[in-house]
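First comes the structure, then the notes that go with it.
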2 protein chains.
Amino acid sequence: MPKVGIEDLRRRQLIAATITSIHEEGFANATISRISKNAGMSGGIVAHYFDDKAGLLAATMRSLAQDLLRETVKRLKAAETPEERIDAVILANFSVEQNDPETVSAWLAFWAEARSAPALWRIQKINERRLLSNLCHAFRQLLPEDEARMAAAGLAAMIEGLWLRCALSHGPLTIDQARLIARDYVARFLNTSA
Amino acid sequence: MPKVGIEDLRRRQLIAATITSIHEEGFANATISRISKNAGMSGGIVAHYFDDKAGLLAATMRSLAQDLLRETVKRLKAAETPEERIDAVILANFSVEQNDPETVSAWLAFWAEARSAPALWRIQKINERRLLSNLCHAFRQLLPEDEARMAAAGLAAMIEGLWLRCALSHGPLTIDQARLIARDYVARFLNTSA
DNA sequence: TTATTTTGATTGAACGTTCAATCAAAAAAA
DNA sequence: TTTTTTTGATTGAACGTTCAATCAAAATAA
């Protein structure tokens, strides 16, 4: 039989090559031949592991989402109070892996593409709902219902906005500053004195 | 001799058709033949008015940026206090035109594409800097320097994040709610009593 | 062990499609 | 007329998909 465990390895290699290709040449120029060459393989291999290009792209977006989920769950498990859980979500979104330029390029490309690709749209929606749900649950233990919902929606939007700015604009805004701004926003809801 | 005024008209028609095509079939499927057919013209017309496809795309993104700028300037001119100027920026970004589904699809597509297309990247950067500069200037008249910078960066990120969320999630977050959340954030900086 | 069989992994090329760009000619306006 | 506008056909390149053929490794049998 073929080498054991090769399937998972190849799939991960092709997904990584897809992210790299999207970052370096743009979504439109991330062709099967370029992606597979980038992974050191032949063009036909994509059909073997992902059926077609759409399958590879969907798998890549799912992989990005899972990385963020893993990071979030890891930190949530270590959190004990609602305040710590909110901070865990902030820290997960501003972790080193999530702010890698290639990751950001890929996320952006998939966001745009999802608007006219139902398969990708579903993945995006699941992610979005999870972030909001995590924040909502924690805020509800600290604030009245309507204030909690506002804080959760505001923080979710702010995290995404800060995250984008960090990655898109080289220089002006660092990850450390972004974390600070997000935490400050939370503090303005939780501290009556400030 | 030349049909009077036809050039500007055709350019605007082709740009509008480009935005519609991107929204309806995605950036990758917005081909010259589909765009021109969408505008009720022949394929060759694009070369005549924009040289090539890249020229049409750059002109389309510039047109989107100018629409936002016009909207912002209009509201800034009517504002008299720093508070009103901050609100003007918020209102401009959440105006009806800027949240039209076609406009959002196009912005998102260009945003993603700009990462690997220098010509588009420059347009994006100018826009970004203008938003931050407008906010920074207003906040500096109301807050100490370091707090003003934090408020400006935070609000800029939040506006982008909320705008993105309105665009990506059909339903949960409305433009009205987004406006409310952004204004609440500003109030938390300006009102010592809250 | 050693030889054989089985299975999946991988390639590279062929196929049909689609694209952007080009251009000669027609249509329209001045 | 002269100039601009507009068309629609053409071209060559690049794309995604498909597939027969080859290869390497594992499983099986002796």
Side-chain angles (χ1 to χ4, degrees), chain A residues 1-22 24-61 109-110 112-113 116-120, chain B residues 1-61 106 109-110 112-113 116-120:
Chain A
M1 294 267 268
K3 246 192 258 186
V4 292
I6 203 77
E7 183 169 342
D8 277 357
L9 175 63
R10 293 282 179 269
R11 291 176 80 98
R12 264 184 273 117
Q13 288 173 325
L14 283 167
I15 285 171
T18 302
I19 294 172
T20 299
S21 294
I22 289 175
E24 288 178 353
E25 342 188 54
F27 190 85
N29 296 324
T31 67
I32 284 187
S33 82
R34 271 195 267 261
I35 291 170
S36 53
K37 187 162 291 179
N38 214 318
M41 307 174 203
S42 158
I45 205 74
V46 169
H48 187 255
Y49 285 114
F50 297 97
D51 291 351
D52 52 19
K53 194 186 179 184
L56 172 58
L57 292 176
T60 303
M61 190 175 179
F110 283 118
E113 203 62 17
S116 55
L120 302 181
Chain B
M1 291 288 250
K3 242 194 258 189
V4 290
I6 200 75
E7 184 169 341
D8 277 357
L9 175 63
R10 292 282 180 269
R11 291 174 79 98
R12 262 184 276 117
Q13 288 173 325
L14 283 168
I15 285 172
T18 302
I19 293 172
T20 299
S21 293
I22 289 175
H23 173 69
E24 288 178 353
E25 341 187 55
F27 190 85
N29 297 324
T31 66
I32 285 186
S33 82
R34 271 195 267 261
I35 291 171
S36 53
K37 188 163 290 181
N38 215 316
M41 307 173 205
S42 156
I45 205 75
V46 169
H48 186 253
Y49 285 112
F50 296 98
D51 290 352
D52 53 18
K53 194 187 177 183
L56 172 58
L57 292 176
T60 303
M61 190 176 179
F110 282 118
E113 203 62 17
S116 56
L120 303 180

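A note on names: the letters A, B, ... follow the listed sequences, proteins ahead of strands, and every chain is numbered from 1. Source: prediction; values computed, not measured.
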Atom [atom1] in [X], atom [atom2] in [Y]: separation rounded to 0.5 Å?
| X | Y | atom1 | atom2 | answer |
| --- | --- | --- | --- | --- |
| Ile35(B) | Phe50(B) | CD1 | CZ | 10.0 Å |
| Gln13(B) | Met41(B) | CD | CE | 4.0 Å |
| Arg11(B) | Thr60(B) | CZ | OG1 | 10.0 Å |
| Thr18(B) | Ile32(B) | OG1 | CD1 | 9.5 Å |

Sorted by chain and number, sequence neighbours left out, side chain to side chain donor-acceptor pair (under 3.5 Å) with Ser21(A) holds for Asn38(A)
Correct closest heavy-atom pair for Arg34(A) and Asn29(A) would be NE-O, 2.9 Å
Closest heavy-atom pair and its distance - Ile22(A), Ala109(A):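 Smallest heavy-atom distance, with atoms named: CG2-CB, 3.8 Å.
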Lys37(B) atom NZ is separated from dG8(D) atom C1', nearest whole Å, by 11 Å
Exercise for review: Apply the test side-chain contact (heavy atoms from CB on, under 4.5 Å) to residues Tyr49(A) and Leu56(A): give CA-CA distance (whole Å), side-chain angles for both, the deciding distance (0.1 Å), then the verdict.
Suggested key: CA-CA 8 Å; Tyr49(A) 285 114; Leu56(A) 172 58; over 6 Å; no
The contact string for nucleotides 9-21 of chain C, one letter per nucleotide 5' to 3', using protein heavy atoms under 4.0 Å with B, S and - for base, sugar-phosphate only and none, comes out as BBBB------SSS
Computed from five pairs at either end and rounded to 10 degrees, the angle between the axes of the helix from dT1(C)-dA30(D) to dA30(C)-dT1(D) is 10°
